[in-house]
Number of protein chains: 2
Amino acid sequence: MSNSDKSVVSRLRKLIGEGAYQPGERLGEVAVSEQLGVSRTPVRLAFRTLEQEGLLQRAGKRGFMVREFTEADVLCAVEVRGVLEGLAARRLAEQGLSPALDAKLEVWIQKGRELLAKGYLEERDVDVWSELNRHFHETIVGSSGSPVIGDAIARNNHLPFAAADSIVIDSEALDREYRKLQLAQVQHELVVQALRHGEGARAEMLMREHAFIGLRYGELFGLGG
Amino acid sequence: MSNSDKSVVSRLRKLIGEGAYQPGERLGEVAVSEQLGVSRTPVRLAFRTLEQEGLLQRAGKRGFMVREFTEADVLCAVEVRGVLEGLAARRLAEQGLSPALDAKLEVWIQKGRELLAKGYLEERDVDVWSELNRHFHETIVGSSGSPVIGDAIARNNHLPFAAADSIVIDSEALDREYRKLQLAQVQHELVVQALRHGEGARAEMLMREHAFIGLRYGELFGLGG
DNA sequence: AACGTTATGTTTGGATCCAAAGTAGAGCTT
DNA sequence: AAGCTCTACTTTGGATCCAAACATAACGTT
């Protein structure tokens, strides 16, 4: 995939994620190509990719439309990530944690501890957490013995609200986010503990529950969602 | 997607599934287009779709190659389908089975009973089972309240060995397959039973186990795999 | 006046052309 | 002889052209 081609896909992905197009809106190839300043060809290619990612949908026989997502879809996507990451964790626990992998996980656990040690959250900490969180999840998923689980998760994560690093949204209320991250850190540590003891079922369930943190834990701290 | 476009994707999917190309083999756009008797354009479009489906992989900076799957990948893909269908079943049990849905499931259960009632399997029964099995699974997955789970399963099923209807392979040994389908039928009935009683965890685990039937149950009947 | 048919315009799909990037091979230099 | 460089060829990506399908609107007929 050339630079431009990739950039058309990701630019469109970004535009859709930002809500630049109305859900259900039909996307014409010419309109989009003019908007992005390229010819129809890369747009046609991008549409096929985005269709597979689930962001676009066939609009009858005539082109594509922006897919709309309901509340239920969001919940489902998070649950899907939960069960898939849970599966990865269980397999990892069952096959046993190699010393190298153990050390690798410990790194991200340790970074999390350090980040939260000072007792509060700064603006720039958000990115640091997002990064270490991504690494933690990728390490577990990537070590499950086959790329198949990771691929399934990656495809699910194309739904913008489903990805694991969409936890922190509200950088205005850093004190509430701090408590959320504290809980996430505990969950990370418990997962590693379970993995070390070969507790497959426990690792799976912890990982599943962990998926909900970006979704329902707000209620715990007096938030809306 | 036009007829030809769709047909290029599915024709390629079929060719790859049949092993017409070696795993790891690079696919040139011109070579494939000549082989299929179309121009490069539909092939380029199809490659993007097949890449997202996981059948093709980027080969460095130069085009695509046929993805190769290991034993572990096959196992993983089956497990992925298991946890996803398990998730769908659990959600269904938790939200309660509507009378209409109950009746719909009963239809496929009944058809399964009828098929197996005569005590043995004929050649043509295989397709009948495949059909009712597909309907049964689709009904459960499609009723989980959001298309997200179904999409994830559909994407996973693009790996030819992962789909639920790849159960019956050996139409030479119909007596052994009969016993397998008998077991599958029991599992279907147990799933419906659990759904009716709102037993989410049980429905989930039954569905998960059911996924393995095409994979590991052969050993029970003195087969290889 | 309503329905059906036709004609025009819009949009997508397929083919081809051109440019750019990459690879391999040959020739030259050290 | 080995390594580097330059060149020629292969292959992909982007743009454009043409045809086919679909939708819409207008016109004619009943």
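Quick note on labels: first sequence line is chain A, next is B, and so on, each numbered from 1.
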Salt-bridge present (B:R58, B:E51; N to O < 4.0 Å): yes
Atom pair distance, as rounded to whole Å: CE in A:M65 and P in C:dT11: 17 Å
Of the listed nucleotides D:dG14, C:dT11, C:dG22, the one nearest the side chain of B:R62: C:dG22
Atom pair CD (A:E131) and CG (A:L115), whose distance is rounded to the nearest 0.5 Å: 12.0 Å
Integer-rounded Å distance: D:dG13 C1' and B:E51 CD: 15 Å
Below 4.0 Å: OP1/OP2 of D:dT12 and any side-chain N or O of B:R26: yes
Within 6.0 Å of CD in B:E18, more than 12 heavy atoms from elsewhere: yes
A:L45 CG to C:dT12 P, straight-line distance once rounded to whole Å: 14 Å
Rounded interatomic separation in angstrom, taking CZ from A:R58 and C1' from D:dC22: 15 Å
Pair A:I153-A:V80, side chain to side chain contact (heavy atoms under 4.5 Å, CB included): steps then yes or no: CA-CA 8 Å; A:I153 293 175; A:V80 164; over 6 Å; no
Between D:dT11 (P) and B:E25 (CD): distance, integer Å: 13 Å
Length of the line joining B:R11:CZ and C:dG14:P, which is rounded to integer Å: 11 Å
What does the list of N/O pairs under 3.5 Å between the protein and nucleotides 15-19 of chain C look like, with a distance for each?
| from | atom 1 | to | atom 2 | distance (Å) |
| --- | --- | --- | --- | --- |
| C:dA15 | OP2 | B:S39 | N | 2.5 |
| C:dA15 | OP2 | B:S39 | OG | 2.6 |
| C:dA15 | O5' | B:S39 | OG | 3.3 |
| C:dA15 | N7 | B:T41 | OG1 | 2.6 |

Presence of salt bridge, B:K180 and B:E177, under 4.0 angstrom: yes
Atom pair CZ/CG of A:R91 and A:L195 - distance to nearest 0.5 Å: 13.5 Å
